[in-house]
Amino acid sequence: MQQEYIPADIETAVQQWWHDQQTFRTVEDPHKEKYYCLAMFPYPSGQLHMGHVRNYTIGDVISRYQRMQGKNVLQPMGWDAFGLPAENAAIKNKVAPASWTYDNIDYMRGQLQRLGLGYDWERELATCTPEYYRWEQWLFTRLFEKGLVYKKTAAVNWCPVDNTVLANEQVVDGCCWRCDTKVEKREIPQWFMKITDYAEQLLNDLDQLSGWPEQVRAMQANWIGRSEGVEIKFGITESDEVLSVYTTRPDTLMGVSYVAVAAEHPLALRAAQTNIELQTFIEQCRQMETSEAAMETAEKQGVATGLMAIHPVTGELVPVWAANFVLMGYGTGAVMSVPAHDQRDYEFANKYGLPIKQVIEPTDSAEYDLSKAAFTAKGALINSQQFDGLTSADAFNAIADFLEQQNKGEKQVNYRLRDWGVSRQRYWGTPIPIINCPDCGAVAVPENDLPVRLPEDVVVDGSGSPIKSMPEFYQCACPQCGAAAERETDTFDTFFESSWYYARFTCPDNDKAMLDERADHWLPVDQYIGGIEHAVLHLLYARFFHKLMRDEGLVSGDEPFKNLLTQGMVLKDGTKMSKSKGNTVDPQALIDQYGADTARLFMMFAAPPEQSLEWSDKAVEGSNRFLKRLWRSVQEHIEQGEVAELDIDVLSDELKALRRQIHQTLTKVGDDIGRRHTFNTAIAAVMELMNTLGKLTDNSEQARAVIQEALEIAILMLSPITPHICHQLWQLLGHDEAVVNVSWPQVDESALVQDKVELMVQVNGKLRSKVSVVADADKDAIELIAMADENVKRFIEDKEIRKVIVVPGRLINIVVAG
RNA sequence: GCCGGGGUGGCGGAACUGGUAGACGCGCUGGAUUCAAAAUCCAGUUACUUCGGUAGUGGGGGUUCGAUUCCCCCCCCCGGUACCA
């Protein structure tokens, strides 16, 4: 009597069994190869979304596969629990961010467990607990003593009506999301970490990351943006001031027709005191959003400051302009402008009627037209006095040397990377462990006084962080002189917490230290999995933190993540699922209706992990259908009773072919899961095998033996993807040991041997026929057989054969004239 | 704007190293089963075709015996853009 496939029953039972057996509890084992698999931990937003299901299923499939390879697999899970949404929810629902967050964690933990993910829950952590954040406070104070953190003013988005700082996300079309007021830029003092001190390492160590996608390494390299150039000093007339500019094209120095400074540049601010037009312009720039996209796409505008700069070589005077495209945060906040050889300068010069002076001409016959566009390629110098005739490369050095001798400039390596501003004027985050004393200045909170606890019993109303109006939080004594002082009320950027959680998972129970020797046992993470949207920021900050922790003696490697898999998004109707678009699909409903195995199978089958995945209700049904067929196939097989021993010497050709397919599939699936991570093609291969099996009409003893082999191998291959149904079917096939503890099957090489192969026959690159030849046929024999083929003859008769190309095992191409 | 990725049947995708374009799945069509439906099973399914073939992987050009794959130019979509996580 056949059992029906009821996923909910099977899955609950199997999950209970894993729980009882402590299947996924992991302890360090010196006798086994370790494998640390980590999927980016979620923000506890309230419920899982499809992106989570995809992310964690990928991690679980890899973890289970590696376990079948005999490795000691660590797969932990936790919560990136600080962040803005908790404050928004607090305002909306009048509930404290802490309780909202903890409730969400409890609910989402249940959802993850229902998906059958093999986590070691004993290592669970939440970043909003003092047990976690105390250690990053501790690290920050260490870095403070080392001089790796500092305070300076930086621009934020400011809403003048709500009197609060806005995240870029809270700025909609340049206005506050809540009151629609025009957002302003405001400069306020903030803490920065000197990531630029590590720029060179962060760039160079990308070479160690051969297990990372090339595109992510490229993005990080571009983000760090190392450039070699020259810092050049321009004098300012009627003053002793020096205006430094940074350029990567010193060869164009003689073509400078103006100098542009950022609106917030001290020189512009000073000139504005006596210049109404400039004042207005700076005011306008203040109304710009702080995001790079907004800055760069805004129309290029400027105002002359009235100041004149002195050219360091010729002594000529060139005007100083304030311009909205010059960023105060990059280089020196000032650039020299060479309209003839830079497109942005060119457009700006045309707009404001500034001179365009050509100083570079091509060394080849490249065409250019300065009346239409700038000539931006390198070449040879003209109109450049003593530097005429030099190539751009030679002129780079000649001009740099000249300036250095004159004390008017020097070569410099510059990075696009800016120091990391970690201050947030928000409540729901880790308090910055600094005390501001009127006499001693900024003082780190002593180790004994850590953690600085964030009060959790608060009311958030949108008018700014509640701890900023809690004297009981911020009033304190200076740890150095004992005078009355005030605590920082800003909190850390939440990227702070997510920059080291991977390490804490190795020793989450240690209450004496940030990390212990277990960190070096498990790190680096062997496989890290997360969204491509994290390609730069999170992954760069985590790499930076790893190096900080290394230099503190906490870990010994240079890099945290050996292999990286960047998963694509889950889309519906071609766009990202989002509440605002109303195109979300709740994974819970999916699990409730079809079970976790179907959800997992669909996620793995619908697209390769790195590509975006288009949601489809119908395709989910298809995945479910396959599992039902699989279930039935096993049931029908076992109903026929005992299976005889397989004797490979007596098999029919059909059964030999089936065994070949079984072991070809096994080879492919192992490669697809283990190396390529293309779970979709792995599943397709198993489906093909099952389709072949379904067509088999032979029900001899030996056929049943081969079917048993096929089903066993199919179940083992699918078990990392759909572990619950496979657990059950494995038992039905007569095994006592649980499938989760079984090793990956061995390929029988002898089954793969083939005596005949099919070759494609092309004439002039077009497929004309197929021929079957013995596997070890030589080129001449293949040629003869192909030429003799009727269909081929038609296309080659009466024609001169120019060439014959034979690709062994694949095809033969006959090239004829005419 | 800048950086990165993508574009293949009606749809999701496959083709891994330049060698059978469209595996596998969905959908659709026809059939079987059924009182009927659902479910299930079987067959077919790129377009055009004089049934020999021809065209075809966003558009245009190039390299090659052979290009979805390599090169050049262009178009469109998506991600990131430093205070969303």
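A note on names: the letters A, B, ... follow the listed sequences, proteins ahead of strands, and every chain is numbered from 1. None of the values given here were measured: they were computed from a predicted structure.
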Colleague: Look at A/N680 and B/rA14 and indicate whether a side-chain polar atom (N or O) is within less than 4.0 Å of OP1 or OP2.
Modeller: yes

Colleague: Check the distance between B/rU20's C1' and A/L811's CG and give it to me in whole angstrom.
Modeller: 8 Å

Colleague: Do any side-chain nitrogens or oxygens of A/R629 fall under 4.0 Å of OP1 or OP2 in B/rC41?
Modeller: yes

Colleague: Using a heavy-atom cut-off of under 4.0 Å over every strand shown, decide if A/L417 touches base, sugar-phosphate, or nothing.
Modeller: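 Counting heavy atoms under 4.0 Å across all strands, the contact made by A/L417 includes a base.
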
Colleague: With rounding to the closest Å, how many angstrom separate the C1' atoms on B/rG5 and B/rG53?
Modeller: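 Per the computed distance, 39 Å lies between those C1' atoms.
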
Colleague: When the P atoms of B/rG66 and B/rG6 are compared, how many Å lie between them, rounded to an integer?
Modeller: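 Taking atom P in both B/rG6 and B/rG66, they lie 27 Å apart.
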
Colleague: Check for a donor-acceptor pair, side chain of A/E264 on one end and backbone N or O of A/A155 on the other, with a separation under 3.5 Å.
Modeller: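 No; judged by distance alone, with no hydrogens or angles, the pair does not exist.
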
Colleague: Are the charged groups of A/K351 and A/E299 less than 4.0 angstrom apart, N to O?
Modeller: yes

Colleague: Strictly below 4.0 Å, N to O, side chains only: are A/E488 and A/K151 in salt-bridge contact?
Modeller: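 A salt bridge links A/E488 with A/K151.
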
Colleague: Is the closest side-chain donor-acceptor distance between A/K185 and A/T290 under 3.5 Å?
Modeller: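 No, because no side-chain N or O of A/K185 sits under 3.5 Å from a partner of the opposite role on A/T290.
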
Colleague: Can you check B/rG13 for me, syn or anti if syn means within 90° of 0?
Modeller: anti

Colleague: Pick out which of A/W223, A/Y501, A/W420, A/F492 makes a ring pair (Phe, Tyr, Trp, His ring centres under 6.0 Å) with A/Y541.
Modeller: A/W420

Colleague: Tell me: CG of A/L539 to C1' of B/rG4, nearest whole Å?
Modeller: 14 Å

Colleague: With heavy atoms under 4.0 Å as the rule, sort A/M569 into base, sugar-phosphate or nothing.
Modeller: sugar-phosphate

Colleague: Pick base, sugar-phosphate or nothing for A/P608, based on heavy-atom distances below 4.0 Å to the nucleic acid.
Modeller: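 Contact class for A/P608: sugar-phosphate only.
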
Colleague: Determine the contact category for A/V165: base if any of its heavy atoms lies under 4.0 Å from a base atom, sugar-phosphate if only primed atoms, P, OP1 or OP2 are that close, otherwise nothing.
Modeller: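 The residue A/V165 makes base contact.
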
Colleague: Does the ring center of A/Y133 lie less than 6.0 Å from the ring center of A/F496?
Modeller: no

Colleague: Between B/rG12, B/rG5, B/rA23, spot the one nearest the side chain of A/A606, thanks.
Modeller: B/rG12

Colleague: With distance as the sole criterion, do the side chain of A/N813 and the base of B/rC65 form a donor-acceptor contact below 3.5 Å?
Modeller: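 Between B/rC65 and A/N813, which were checked side chain against base, a qualifying N/O pair under 3.5 Å is present.
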
Colleague: Which is true for A/S612 with a 4.0 Å heavy-atom rule: it touches a base, it touches only sugar-phosphate, or it touches nothing?
Modeller: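 Sugar-phosphate contact only - A/S612 comes under 4.0 Å of backbone atoms but never of a base.
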
Colleague: Base, sugar-phosphate alone, or nothing: which one does A/V536 contact when heavy atoms must sit under 4.0 Å apart?
Modeller: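 Result for A/V536 = nothing.
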
Colleague: Can you tell me how far P in B/rA39 sits from the matching atom in B/rG27, rounded to whole Å?
Modeller: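 Roughly 9 Å separates the two P atoms.
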
Colleague: A/F495 side chain: which of B/rU20, B/rA85, B/rA43 is closest?
Modeller: B/rA85

Colleague: Rounded to the nearest angstrom, tell me the gap between atom CD in A/E292 and atom C1' in B/rG80.
Modeller: 10 Å

Colleague: Between A/M295 (CE) and B/rG1 (P), how many Å, whole number?
Modeller: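 Those two atoms, CE and P, are 17 Å apart.
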
Colleague: Strictly below 4.0 Å: does A/R416 bring a side-chain N or O up to OP1 or OP2 of B/rA82?
Modeller: no

Colleague: For B/rA82, does OP1 or OP2 lie under 4.0 Å from any side-chain N or O of A/N168?
Modeller: yes

Colleague: On RNA chain B, does the nearest nucleotide to A/S616 precede the nearest nucleotide to A/D493 from the 5' side, or the other way round? Give the residue.
Modeller: A/S616

Colleague: Regarding A/H534, tell me which of base, sugar-phosphate or nothing describes its non-hydrogen contacts under 4.0 Å with the strands shown.
Modeller: base

Colleague: If the condition is side chain to side chain donor-acceptor pair (under 3.5 Å), which residues does A/S45 pass it with, not counting sequence neighbours?
Modeller: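 Partners of A/S45 by the side chain to side chain donor-acceptor pair (under 3.5 Å) criterion come out as none, since no residue qualifies.
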
Colleague: Report which part of the nucleic acid A/K668 touches: base, sugar-phosphate, or nothing (heavy-atom distance under 4.0 Å, all strands).
Modeller: base

Colleague: Kindly determine whether A/Q220 and A/W212 satisfy side chain to side chain contact (heavy atoms under 4.5 Å, CB included), including the steps that lead there.
Modeller: CA-CA 11 Å; A/Q220 294 220 347; A/W212 282 39; 3.9 Å; yes

Colleague: What residues, two or more places apart in sequence or in another chain, satisfy salt bridge (Lys or Arg N to Asp or Glu O under 4.0 Å) together with A/R286?
Modeller: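 Testing A/R286 for salt bridge (Lys or Arg N to Asp or Glu O under 4.0 Å), a comparison that skips the adjacent residues, returns A/E283.
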
Colleague: Just to confirm, is there a sub-4.0 Å distance from OP1 or OP2 of B/rC84 to any side-chain nitrogen or oxygen of A/R424?
Modeller: no

Colleague: Using the P atom as the point on both nucleotides, what is the distance between B/rA23 and B/rU45, in whole Å?
Modeller: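 Looking at atom P only, B/rU45 and B/rA23 are 10 Å apart.
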
Colleague: For B/rG4, take OP1 and OP2 only and decide whether either is under 4.0 Å from a side-chain N or O of A/R217.
Modeller: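 No, because none of the side-chain N or O atoms of A/R217 sits under 4.0 Å from OP1 or OP2 of B/rG4.
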
Colleague: Among B/rG19, B/rC24, B/rA85, which nucleotide has an atom closest to any side-chain atom of A/L84?
Modeller: B/rA85

Colleague: Of the listed nucleotides (B/rU54, B/rU20, B/rA85), which one gets closest to any side-chain atom of A/L537?
Modeller: B/rA85

Colleague: Hey, where does RNA chain B pair up into stems, meaning at least three consecutive Watson-Crick or G-U pairs with distances under 3.5 Å?
Modeller: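 B:1-7 with B:75-81, B:10-12 with B:24-26, B:27-32 with B:40-45, B:46-48 with B:53-55, B:58-62 with B:70-74 - these are the stems of 3 or more pairs that involve RNA chain B.
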
Colleague: Tell me the interatomic distance from A/I532, atom CD1, to B/rG79, atom P, rounded to whole angstroms.
Modeller: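 Taking CD1 of A/I532 and P of B/rG79, I get 12 Å after rounding.
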
Colleague: Measure from the side-chain heavy atoms of A/E296 and tell me the nearest of B/rG1, B/rA55, B/rA14.
Modeller: B/rG1

Colleague: Kindly point out which of B/rG4, B/rC24, B/rC16 is positioned nearest to the side chain of A/E688?
Modeller: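 Comparing B/rG4, B/rC24, B/rC16 against the side chain of A/E688, the answer is B/rC24.
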
Colleague: I want to verify a distance call: between B/rG79, B/rA85, B/rG13, whose nearest atom is closest to the A/T494 side chain?
Modeller: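 Looking only at heavy atoms from C-beta outward on A/T494, the closest nucleotide is B/rA85.
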
Colleague: For A/K92, is the NZ atom crowded, meaning more than 12 foreign heavy atoms sit under 6.0 Å from it?
Modeller: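 No.
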
Colleague: Regarding A/D672 and A/T681, do their side chains bring together a donor and an acceptor under 3.5 Å, going by distance alone?
Modeller: yes

Colleague: What contact category does A/K770 fall into here, base, sugar-phosphate, or nothing, at under 4.0 angstrom with non-hydrogen atoms?
Modeller: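 The residue A/K770 makes base contact.
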
Colleague: Taking atom C1' of B/rC24 as reference, at what distance in whole Å does atom CZ of A/R625 sit?
Modeller: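 So the two atoms are 13 Å apart, to the nearest Å.
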
Colleague: Using atom CD of A/Q567 as one end and atom C1' of B/rC78 as the other, report the distance to the nearest whole Å.
Modeller: 15 Å

Colleague: When you check the glycosidic angle of B/rG79, does it come out syn, meaning within 90° of 0, or anti?
Modeller: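 Judged by the O4'-C1' to base torsion, B/rG79 sits in anti, the angle falling more than 90° away from 0.
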
Colleague: Identify whether any heavy atom of A/E621 sits under 4.0 Å from a base atom; if not, whether one sits that close to sugar-phosphate; answer base, sugar-phosphate or nothing.
Modeller: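 The answer is nothing, as A/E621 stays clear of every strand by at least 4.0 Å.
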
Colleague: Do A/Q343 and A/E347 have side-chain atoms, one donor and one acceptor, less than 3.5 Å apart?
Modeller: yes

Colleague: When you check the phosphate oxygens OP1 and OP2 of B/rG4, does a side-chain N or O of A/N222 lie under 4.0 Å from one of them?
Modeller: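 Indeed, a polar side-chain atom of A/N222 lies that close.
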
Colleague: Rounded to whole angstroms, how far apart are NZ on A/K576 and P on B/rC77?
Modeller: 18 Å

Colleague: Any base atoms under 4.0 Å from A/F605, or only sugar-phosphate, or nothing? Heavy atoms, all strands.
Modeller: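 It contacts base atoms.
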
Colleague: Which part of the nucleic acid, if any, lies within contact of A/F795, taking any heavy atom under 4.0 Å across all strands shown: a base, the sugar-phosphate backbone alone, or nothing?
Modeller: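 Here A/F795 touches the backbone only, sparing every base.
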
Colleague: B/rG13 base to A/Q611 side chain: any donor-acceptor pair below 3.5 Å?
Modeller: no

Colleague: Which of the following nucleotides, B/rU20, B/rC65, B/rG25, is nearest to the side chain of A/I805?
Modeller: B/rC65

Colleague: At less than 3.5 Å, do the side-chain atoms of A/R675 and the base atoms of B/rC16 form a donor-acceptor pair?
Modeller: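 Between B/rC16 and A/R675, which were checked side chain against base, a qualifying N/O pair under 3.5 Å is present.
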
Colleague: Quick check for you: among B/rG19, B/rC65, B/rU81, whose closest atom lies nearest to any side-chain atom of A/W223?
Modeller: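 The answer is B/rU81.
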
Colleague: Counting heavy atoms from C-beta on, name the nucleotide in B/rG19, B/rG53, B/rG4 closest to the side chain of A/R794.
Modeller: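 Looking only at side-chain atoms, A/R794 lies closest to B/rG53.
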
